[in-house]
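Labels below follow one simple rule: chain letters A, B, ... track the order of the sequence lines, proteins then strands, and each chain is numbered from 1.
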Number of protein chains: 2
Amino acid sequence: MNCDTVPTTDPNNDGALPPEVRALLGVYALHTRVRVAIEDLSQNDGLTDQARHLLVQLDKPRRLGDLARITNSLPSSVTALADLLESKGLAQRHRDERDRRAFLLSLTPYGIDLRSKMLQQASELFQTVTGLNDAQTRTFAELSDIVRKTIYDTTFQETSKC
Amino acid sequence: MNCDTVPTTDPNNDGALPPEVRALLGVYALHTRVRVAIEDLSQNDGLTDQARHLLVQLDKPRRLGDLARITNSLPSSVTALADLLESKGLAQRHRDERDRRAFLLSLTPYGIDLRSKMLQQASELFQTVTGLNDAQTRTFAELSDIVRKTIYDTTFQETSKC
DNA sequence: TCATTTACTTCGTTAAATGAAATATTCAAT
DNA sequence: ATTGAATATTTCATTTAACGAAGTAAATGA
């Protein structure tokens with residue numbers, strides 16, 4: 001095989017793509033790679049990728065319906081994921097006393113511990129996976145904060161009755 | 001309901017997260033939202049989300065195995081997705097003459113057209129979804145280019161025999 | 001009070017991912 | 001050249017996850 005031909009093709013066969021598309025291509029690539037990396041590190045926790053996604057979102061007790069919106073899944077899917085997290089002793093359902101139809105899902109101490117370990121691992125992976133240096137990572141984080149806040153707000157404002 | 005309590009909670013209950021984690025949280029959120037938005041716009045194309053992901057990766061003819069690595073799916077899954085794209089007249093398999101075990105998947109004119117329409121739509125969504133202004137978007141794109149290039153290289157270097 | 005909407009659960013169905021086995025080709029070593 | 005091992009893809013049976021309709025309970029609003 002001729003190894004000097006097409007061994008590592010450059011990612012820009014797309015010509016001058018608009019910045020929005022370039023941004024999204026990187027986001028998709030990074031999402032894919034980080035998911036793989038976390039899966040590789042979490043083979044013995046008995047969780048699925050979706051369950052881990054839910055775990056990460058539980059920075060505080062959240063309603064199952066909100067988790068469904070955040071993760072873009074159906075209520076019935078979140079029910080199953082919450083069951084899984086509960087069965088592993090990572091989270092617990094509590095009635096929401098403001099609205100007793102709803103459940104709040106909150107992490108147990110064990111869940112909090114696993115969540116921070118996962119975030120720590122993701123943090124350690126980041127530089128290797130992305131190739132960004134510290135300054136670039138900080139810039140990326142600042143922009144990412146804006147994106148996250150925008151998405152967070154729009155995710156909940158649509159349904160808000162206030 | 002008391003609407004001044006907890007209607008739109010701020011996304012930073014996580015305290016001072018490391019920049020790597022903040023970066024990833026935004027990436028996950030953006031990935032989720034863009035996927036939803038594209039799905040909403042593509043209800044009549046008969047494609048799945050995975051098939052669209054493959055379509056976007058086909059900036060040039062690519063081997064099925066490479067597509068499997070890029071999208072982190074199994075060869076057998078890519079076979080099915082390639083079948084779907086072919087059945088819709090969007091792509092075609094060709095033997096790779098450098099290695100006749102492999103297939104190259106390339107877009108048809110119709111596939112090229114649909115792909116650019118999808119990228120165009122994604123581009124238009126970007127500002128609304130992310131809340132980033134033009135300058136921020138350009139900065140994001142530049143960092144995203146680095147990330148994409150790093151991931152692209154590592155995805156193929158691991159298996160490279162050169 | 002009563003009808004309607006909302007939040008969640010249950011469970012049967014559908015769709016997608018998985019992985020083992022088969023085929024064809026290449027590569028490496030004799 | 002021949003042989004054996006490795007690689008690229010496909011097929012298909014199985015497992016797994018997503019979907020969605022129907023049900024329960026609580027809140028909302030007339």
Asks: Can you see if the side chain of R63(B) gets near the phosphate of dT7(D) - specifically, an N or O under 4.0 Å from OP1 or OP2?
Replies: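 No, outside the criterion.
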Asks: Give S73(B) one of three labels, base, sugar-phosphate or nothing, depending on what nucleic acid heavy atoms sit under 4.0 Å from its own.
Replies: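 Contact class for S73(B): none.
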Asks: Between R62(A) and Q57(A), is there a donor-acceptor pair closer than 3.5 Å when you use the side chain of the first and the backbone of the second?
Replies: yes
Asks: On the ring face of F103(B), is R95(B) found with NZ or CZ under 6.0 Å from the centre and within 45° of the axis?
Replies: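 Yes, a cation-pi geometry holds between R95(B) and F103(B).
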Asks: Nearest to the side chain of S76(A), heavy atoms from C-beta on, is which of dA21(D), dA18(D), dT26(C)?
Replies: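 The answer is dA21(D), which lies nearest to the side chain.
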Asks: In whole Å, I'd like the distance from the CG atom of L67(B) to the C1' atom of dT10(D).
Replies: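 Computing the L67(B):CG to dT10(D):C1' distance gives 16 Å.
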Asks: Quick one: on DNA chain D, does A102(B) or S77(B) contact a more 5' nucleotide (nearest heavy atom)?
Replies: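 Result of the comparison: A102(B).
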Asks: Taking side-chain hydrogen bond (donor to acceptor under 3.5 Å, both in side chains) as the criterion, tell me which of Q121(B), Q127(B), Q120(B) meets it with E124(B).
Replies: Q120(B)
Asks: Nearest to the D99(A) side chain among dC19(D), dC8(C), dA27(D), which nucleotide is it?
Replies: dA27(D)
Asks: Expressed in angstrom and rounded to an integer, what is the separation of E39(A) atom CD from dT16(D) atom C1'?
Replies: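 In whole Å, dT16(D) C1' and E39(A) CD are 14 Å from each other.
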Asks: Where does the angle between the aromatic ring planes of F140(B) and F140(A) fall among parallel (under 30°), tilted (30 to 60°) and perpendicular (over 60°)?
Replies: tilted
Asks: Of all the choices, dT10(D), dA18(D), dA27(D), which nucleotide is nearest to the side chain of R101(A) once you look at every atom?
Replies: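 Of the options given, the side chain of R101(A) lies nearest dA27(D).
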Asks: Any base atoms under 4.0 Å from R95(A), or only sugar-phosphate, or nothing? Heavy atoms, all strands.
Replies: nothing
